[in-house]
Amino acid sequence: MLLARGRQTYYNELKTLRRQTMKNVRVRYAPSPTGYLHIGNARTALFNYLFARHHEGSFIVRIEDTDVKRNVDQGIENQMNYLKWLGMDWDESIDKPGAYGPYRQLERHEKLNVYKDYANDLIEKGLAYKCYCSPEELEAEIEEKKARGESNLHYSRKCLGKPDQDAPYMVRFKVPDETTYTFDDIVKGEVTFRSEDVGDWVILKRNGIPTYNFACAIDDHLMAISHVLRGEDHITNTPKQLMVLDAFDWKHPTYGHMPLIVNDNHKKLSKRDADIIQFIEQYHKLGYLPDALFNFIALLGWSPDKKEEILSPEELIKRFDETRMSSSPATFDKEKLAFINNRYIKALSNEEALDLCKPFLIDENIGLEQDESWFVDLIEVFKDRLSFGAQIVDLYRDFFEKPFILEGDVLEFIKQDGVKALLETFKNMVENMDPLASDTLKKAIKEAGKETGMKGKMLFMPLRIAVSASMHGPDLPKMMNLMGKERLIKRLEYTIRHL
RNA sequence: GGCCCGUUGGAGAAGCGGUUCAACUCACUAGCCUUUCACGCUAGCAUUCACGGGUUCAAAUCCCGUACAGGUCACCA
């Protein structure tokens, strides 16, 4: 090994540590700071988190920032904040140093020279070599092969065995001949790749920074990662990482490749997919609840063994079973998300629901002149039908601003005998009511029923229709109260005229 | 093109050789319920698991092939 003395000590210490923790479950989520927290990343993080917590292991967040050009300011900060917002915490990371740090690859590269050391070691053993080809040369090589119709677009190895030159170079891994890489994937079962299918790939870029596959394999080992749970798009990376592990005679972690999340067209969820909201931050801003999202994401490629699908984070941790991950793609079902989030909103207290919704109303200048009790009434009436917080604005507008039209079955229903008398009786009561209140309205409904001899469905349905033009909806007295006296009377009159 | 993975109702999704195995959820449809919640309750909704062949006493479940779909083949991660 070509390690400096100080670093040698570092590695020795790590080795001892790894022995001690070998039996522990240690998983990692390894985001790159190239963007904000995406639904796909969140799923990867979440499954690793659930797996770690279920098995009482460690959950590590390692930053893979080796693509210096694409790194985005605030990328990591945003991702970690939203991981927390979703309800995940971790045991080791850049903000929570553990024994296996540093947890940022660029830092490992710059301060400890980790990857270069190992790359040099491979070069010395003849398992890797320097490549002096220019990007243009490489591109030309590929174009040529394509033109000849070759299916194997792998690097020609023309730099293999070249003497050292005083020129920029990258380091390529010399892929072994006729070697089979088989691993028992938790999700997919036994998967096999042949080394012929992998070209000599770059482990160190021209700028000296390692490529993903190299850094990842090394760090997974150095950090004693026991299980690697990641998206299926990584499955073809696995043989590359296995050959690095083998080159150093390191133990393989257990791999599990989770199904891709696809859109309605069964295409991999892409950040450019305009149809689906992609970033957790956006869901937050629309008034989705973290636990609901946590629940929904956990169902992307995994299903519980019991019937119930609405599960709290604690229940999910308890029930998580990695063998129940699906091997076919998980479709992002927007309707299901809406349903799940609605279930969580319904479970909120009125105060919590108000906190969630009020900002959206204020943003739209709705209810500025109203007092707090008006907001409480509004939320109470609509809470059960909200798919997400911001929807309160639409619900408000539908209720207060949509034209009131009676037609179809609704009109049919109120044309029945006795409806007119009922509505008129009720209207008179409302006219004498000052101010309006839910409980007085409720009493008035009873009273009007008694007076006109209408009861049950024949009592409530006409009134419901007369105020909302619908046969379904929220609690009747509360809805009337929210509507206000003037509008309520107007609608009753309008309905009576149309009988 | 090579390699890898997948294909169960309108949608999500379970089941992975045989005891109600075609669960469950969403959506939809129908009926019903309220003088304390009509986004509530109940019921209905794939005689069939892409297609073709094979193995087996027995296959959605195992094997082979076809079709279709996707992923991946970067000095990105």
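This one's a predicted model, so the numbers in the text were calculated from it and none came from an experiment.
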A:F173/A:W201 aromatic ring centres below 6.0 Å: yes
For B:rA67 and B:rG53, measure between their C1' atoms and round to the nearest Å. 14 Å
Between B:rC51 and B:rC68, how far apart are the two P atoms, rounded to whole Å? 15 Å
Of the candidates B:rG70, B:rG40, B:rU35, the side chain of A:K267 sits closest to B:rG70
Integer-rounded Å distance: B:rA74 P and A:W201 CH2: 13 Å
Only Watson-Crick and G-U wobble pairs, only distances under 3.5 Å, only runs of 3 or more: what stems does that leave for RNA chain B? B:1-4 with B:70-73, B:10-12 with B:24-26, B:28-32 with B:40-44, B:50-54 with B:62-66
List the protein contact pattern of nucleotides 11-16 of chain B with one symbol per nucleotide (5' to 3'): B for base contact, S for sugar-phosphate-only contact, - for none; contact means a heavy-atom distance under 4.0 Å. SBSSS-
Closest-nucleotide 5' rank along RNA chain B - winner of A:L459 and A:I209: A:L459
Expressed in whole Å, how much space separates the P atoms belonging to B:rU61 and B:rG17? 11 Å
Just compare B:rU72, B:rG6, B:rA38 and give me whichever is closest to any side-chain atom of A:R464. B:rA38
So, do A:F59 and A:Y49 have ring centers that fall under 6.0 Å from each other? yes
Ignoring the backbone of A:K457, work out which of B:rC32, B:rA77, B:rU72 is nearest its side chain. B:rC32
Using the C1' atom on both, measure B:rA59 against B:rG52 and round to a whole Å. 15 Å
Between B:rG10 and B:rG44, how far is it from one C1' atom to the other, in whole Å? 15 Å
Pairwise C1' distance, B:rU48 and B:rA60 [rounded to whole Å]: 8 Å
With no hydrogens and no angle check, do the side chains of A:E315 and A:S312 hold a donor and an acceptor under 3.5 Å apart? yes
Decide if the gap between the ring center of A:F332 and the ring center of A:F296 is smaller than 6.0 angstrom. yes
In whole Å, what is the span from the CG atom of A:L138 to the P atom of B:rC76? 12 Å
Work out how far the C1' atom of B:rG71 is from that of B:rU7, and round it to whole angstrom. 15 Å
Could you tell me how far apart A:K478 (NZ) and B:rA38 (C1') are, to the nearest whole angstrom? 14 Å
Does the side-chain ring of A:H234 lie flat on the base of B:rA77, meaning centres under 5.5 Å and planes less than 30 degrees apart? yes
Specify whether A:Y255 and A:H257 have parallel, tilted or perpendicular ring planes, treating 30° as the upper limit for parallel and 60° as the lower limit for perpendicular. parallel
If you only use heavy atoms from C-beta on, which nucleotide in B:rC3, B:rU36, B:rA38 is closest to the side chain of A:K446? B:rU36
Under 4.0 Å, counting only non-hydrogen atoms across every strand here, what does A:L260 touch: a base, just sugar-phosphate, or nothing? sugar-phosphate
Are any of A:K205's side-chain N or O atoms less than 4.0 Å away from OP1 or OP2 of B:rA77? yes
Whole angstrom is fine here: how far is it from NE2 in A:H472 over to C1' in B:rC28? 13 Å
Heavy atoms under 4.0 Å, any strand shown: does A:G449 hit a base, just sugar-phosphate, or nothing? nothing
Provide, to the nearest angstrom, the distance between the CE atom belonging to A:M471 and the P atom belonging to B:rU34. 14 Å
Are A:K130 and A:Y169 in a cation-pi setup, meaning NZ or CZ lies under 6.0 angstrom from the ring centre and within 45 degrees of the ring axis? yes
Are A:F382 and A:F399 close enough that their ring centres sit under 6.0 Å apart? yes
Is A:K268 near enough to B:rC5 that one of its side-chain N or O atoms lies under 4.0 angstrom from OP1 or OP2? no
Using atom CG of A:D185 as one end and atom P of B:rG71 as the other, report the distance to the nearest whole Å. 18 Å
Of all the nucleotides listed (B:rU34, B:rA77, B:rA27), which has the minimum atom distance to the side chain of A:E335? B:rA27
Specify whether A:F320 and A:H54 have parallel, tilted or perpendicular ring planes, treating 30° as the upper limit for parallel and 60° as the lower limit for perpendicular. perpendicular
Whole angstrom is fine here: how far is it from CE in A:M258 over to P in B:rG71? 17 Å
NZ of A:K158: more than 12 outside heavy atoms within 6.0 angstrom? yes
What's the closest nucleotide to the side chain of A:K69 if the choices are B:rA38, B:rC76, B:rU72? B:rC76
By the 4.0 Å heavy-atom rule, please label A:N237 as base, sugar-phosphate, or nothing. base
Here the distance between atom P of B:rC76 and atom CG of A:L204, to the nearest Å, is 11 Å
Of the candidates B:rC3, B:rC76, B:rU35, the side chain of A:R194 sits closest to B:rC3
As a test of reading the structure: which of B:rG2, B:rG40, B:rA77 is closest to the side chain of A:D197, going by heavy atoms? B:rG2
Winner on side-chain proximity to A:K188, out of B:rA77, B:rC5, B:rU34, is B:rC5
Between the main-chain N or O of A:R157 and the side-chain N or O of A:D200, is there a donor-acceptor pair closer than 3.5 Å? no
Looking across every strand, which nucleic acid part, if any, lies under 4.0 Å from A:T34 by heavy atom: base, sugar-phosphate, or nothing? nothing
Is the A:Y396 to A:F400 ring centre distance short of 6.0 Å? yes
With a non-hydrogen cut-off below 4.0 angstrom, is A:N152 in contact with a base, only sugar-phosphate, or nothing? nothing
Verify the neighbour count for atom CD of A:E308: are there more than 12 heavy atoms of other residues, nucleotides or ligands below 6.0 Å? yes
Toward the 5' end of RNA chain B, which comes first, A:H154 or A:P474, by nearest nucleotide? A:P474
Any side-chain heavy atom of A:T254 sitting closer than 4.5 Å to one from A:F183? no
Using a heavy-atom cut-off of 4.0 Å across all strands, would you classify A:S438 as base, sugar-phosphate, or nothing? nothing
Counting the atoms with a prime plus P, OP1 and OP2 as sugar-phosphate, which does A:K450 contact under 4.0 Å by heavy atoms, base, sugar-phosphate, or nothing? nothing
Assign A:F460 to base, sugar-phosphate, or nothing according to its heavy-atom contacts below 4.0 angstrom with the strands shown. base
Interatomic distance at C1', B:rG18 relative to B:rU55, whole Å: 16 Å
